[in-house]
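Below, read A as the first sequence line, B as the second, and so on, with proteins coming before strands; counting in each chain starts at 1.
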There are 2 protein chains.
Amino acid sequence: MPPSRPTIADVAQRAGVSIATVSRVLNGTAPVDTETAERVRSAIAALNYVPHAAARTLASRRTDTIGLLLPEISGAFFQPMLRGVEAGVSEAGFDLLIHTTQSRPENAPRRPLGEHNTDGLLVFTESLDAKELTRLYTIGFPVVLLHQAPPNSLNIPVVTIENQSGAQKIVEHLIEVHNCHRIVFLQGPEGHEDSTWREKGYRLALKAHGLTFDPSLVARGAFNRDEARATMEQMLLDGVEFDAVFAGDDDAAVGVYLALRQAGRRIPEDVAVAGFDDQVFASTLTPALTTVRAPTEQVGRDAVHLLARLLKGEQAEPRLVLPTELVIRESCGCRG
Amino acid sequence: MPPSRPTIADVAQRAGVSIATVSRVLNGTAPVDTETAERVRSAIAALNYVPHAAARTLASRRTDTIGLLLPEISGAFFQPMLRGVEAGVSEAGFDLLIHTTQSRPENAPRRPLGEHNTDGLLVFTESLDAKELTRLYTIGFPVVLLHQAPPNSLNIPVVTIENQSGAQKIVEHLIEVHNCHRIVFLQGPEGHEDSTWREKGYRLALKAHGLTFDPSLVARGAFNRDEARATMEQMLLDGVEFDAVFAGDDDAAVGVYLALRQAGRRIPEDVAVAGFDDQVFASTLTPALTTVRAPTEQVGRDAVHLLARLLKGEQAEPRLVLPTELVIRESCGCRG
DNA sequence: GCGTTTTCTGAAAGCGCTTACATAGTATAG
DNA sequence: CTATACTATGTAAGCGCTTTCAGAAAACGC
């Protein structure tokens, strides 16, 4: 057995002080004589002492940890968000505990992240049910929602993006600049809030230009390459006529590319394509994808800061909506 | 203040037993009468009781958590690895604590992951220095290395992939099938082990076909799109002649694509390009990228299982090398 | 100088669990 | 029917910290 790690008592003994004093030096919670503090610090260094996180948590009732709940950790969309969360968390001096809800086996622990192991939670759309969210709210546990409005209009802060206006702008671009009239819209997963807003934007754009909404042009892309591809193939098979596709998000746009290419339809000559998010790969597709830039990294970062403020007991704005921005590339027909 | 969460004592009282019995029901560490156990379980359900992780850790000296140390969490390369690690961790019944070493601010905690908050560590190349690795080894703390051999030939288990033979195979494909003679090799980041092995494979392939190694064809791509692009542009500017590029990895291959395209060189007609890893985007590039499939997800999963075995005190193989596989697409000139 | 505040330090009580150890009851063996 | 062995449960001692409380020492005010 290896020599067990030094405890605060070892440090105290070596420095000739009580453990309370060591704790004070460690946390700066009370004035300590300069020389004493120095002795403690050198004892810490000599022993290679690191405080035991669990003991600390138990005694102080703080975990110094923020929990992040999301559907999946891989997936290009979550990369910038994770980067933002990570940066925010480390700036704010917390640790990060990540939990993904997809692909969880049956025997999953009942409540993997919560008051027992984090000080606060970041919750992405669909990764925690309304019941648990309500429970957390009623016990006053700090939560910040990402890309999702609170259920039952609870007063839980939200960070999200301008979905509707972004979608409207890009659809209007297709209409105004490229004279598209029959624009397919691929919805996101069932009940996905981002998708709902984007569809509203899509409809508003049509309306603003006197185009009637055609339900046969709307189908599910599920924000997913393969599903979008299958949907697209089906539409082609069904002989649905269209001159543009607003894919809902960039992942779906890739599926659209694949389906159209296979069917021999040229982008953008035969069909203009637009995405949403501006994920990393968007610019390297051929043709480069016209899309809406979502400040996903900033969402992550802002959410953490908002949560951090909540944890300090400060007041925080209940809703943060970050602006999106049109990114014109080639797939719509510009610079074709 | 919200009503504080129930403790084991509350459960014990409600079930009319001692806290020890509750603990036994919770952990199954000793026989408990069926009926008593049932009473305890319903008390737990009624109170919505969840054991306090920190208290548990403190008392049992186990964290049930595995730590993962890597340079960055975003980046397409790490996605499959994370997926594998995640899956493995949840299969093995552990929690996952992730820590990234890049972009850490100055005031970073001295040792964010270690014996004090995890039972064992998964360490990706370059994310922990030899000194700390040695320290962990000497105190007998379980560690599994990913894509990296242990320093000072310590006996630390490793999970990695067949870099050398994979690289050799793809370079030989360029030589044998496409008759390439002047093949550029873009190295990974300074000191990156994967890169070292790939370079060896590159040299072996040349040698096996009687081609002499030309140092002017080797430059740094850093496994990074932008850096590879810049390097490539410089080579074009310098007038270096070549008929193929083995980009080191897929990210660098994208940079190569961009640089070549801008310079008006066609892929694969003028220059054949090959990558390594077979990241998600490889098949959707135009032309589709010929590369070497690295079983990155499997690496993550296997590493966790290896670590889990170590944690159980079982013996584990000291080195796991997963096979790579040639993936021929269009960028080399096949099915052009 | 003497009371009063301020600064520093230590003793000790938990935080919510796990886990020897002890004990009582119940089988099983001879 | 007594000796032996389980089985089921409780008691209590920590795990390594933080934090309250109190006290000693030093500094201050007048």
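- Look at B/Arg83 and B/Glu86 and you find no salt bridge, because none of the NZ, NE, NH1 or NH2 atoms lies under 4.0 Å from a carboxylate O.
- When each of D/dC17, D/dG10, C/dT7 is scored by its nearest atom to the side-chain atoms of B/Ser18, the top-ranked nucleotide is D/dG10.
- No donor-acceptor pair under 3.5 Å is formed between the side chain of B/Glu126 and the backbone N or O of B/Pro71.
- Look at B/Arg61 and you'll find a side-chain N or O under 4.0 angstrom from OP1 or OP2 of D/dG16.
- Residues from residues 22-29 of chain B that place a heavy atom under 4.0 Å from any atom of DNA chain D, listed by number: B/Arg24.
- Closest-nucleotide positions on DNA chain C for A/Gly16 and B/Ala54 were compared, and the one nearer the 5' end corresponds to A/Gly16.
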Review point. Stepwise, does the side-chain contact (heavy atoms from CB on, under 4.5 Å) test hold for A/Tyr137 with A/Asn155?
Key: CA-CA 8 Å; A/Tyr137 179 75; A/Asn155 182 24; 3.5 Å; yes
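- Comparing C/dG16, D/dT11, D/dT18 by their closest approach to the side chain of A/Arg56 singles out D/dT18.
- To the nearest angstrom, C1' of C/dA13 lies 11 Å from CD1 of A/Ile19.
- Taking side-chain N and O atoms only, A/Thr7 has no distance below 4.0 Å to OP1 or OP2 of D/dG16.
- Side-chain N or O atoms of B/Ser60 include one that pairs as donor or acceptor with a backbone N or O of B/Arg56 at under 3.5 Å.
- Rounded to whole Å, the distance from CZ on A/Arg62 to P on D/dT18 is 8 Å.
- Note: CG (A/Leu58) to P (D/dC15) measures 13 Å, nearest angstrom.
- The NE2 atom of A/His52 sits 8.5 Å away from the CG atom of B/Asn117 when rounded to the nearest 0.5 Å.
- Between B/Ala55 and B/Ala20, the residue anchored closer to the 5' end of DNA chain D is B/Ala20, taking for each the nucleotide with the nearest heavy atom.
- The CD atom of B/Gln13 sits 15 Å away from the C1' atom of C/dG16 (whole-angstrom rounding).
- Distance CG (A/Asp64) to P (D/dT18): 10 Å, rounded to an integer number of Å.
- Using a 4.0 Å cut-off, some side-chain N or O of B/Thr21 falls inside it from OP1 or OP2 of D/dG10.
- Relative orientation of the B/Phe124 and B/Phe78 rings is perpendicular, given thresholds of 30° and 60° on the angle between their planes.
- The 12-atom threshold is exceeded at CD of B/Glu314, counting heavy atoms of other residues, nucleotides or ligands nearer than 6.0 Å.
- Regarding A/Asn117, its CG atom lies at a distance of 15 Å from the C1' atom of C/dC17, rounded to whole Å.
- A sub-4.0 Å separation between OP1 or OP2 of D/dT9 and a side-chain N or O of B/Thr36 is present.
- Rounded to an integer number of Å, the gap from A/His52 NE2 to D/dG14 P is 17 Å.
- One interatomic measurement links the two molecules: CD1 of A/Ile8 to P of C/dA12, which rounds to 17 Å at whole-angstrom precision.
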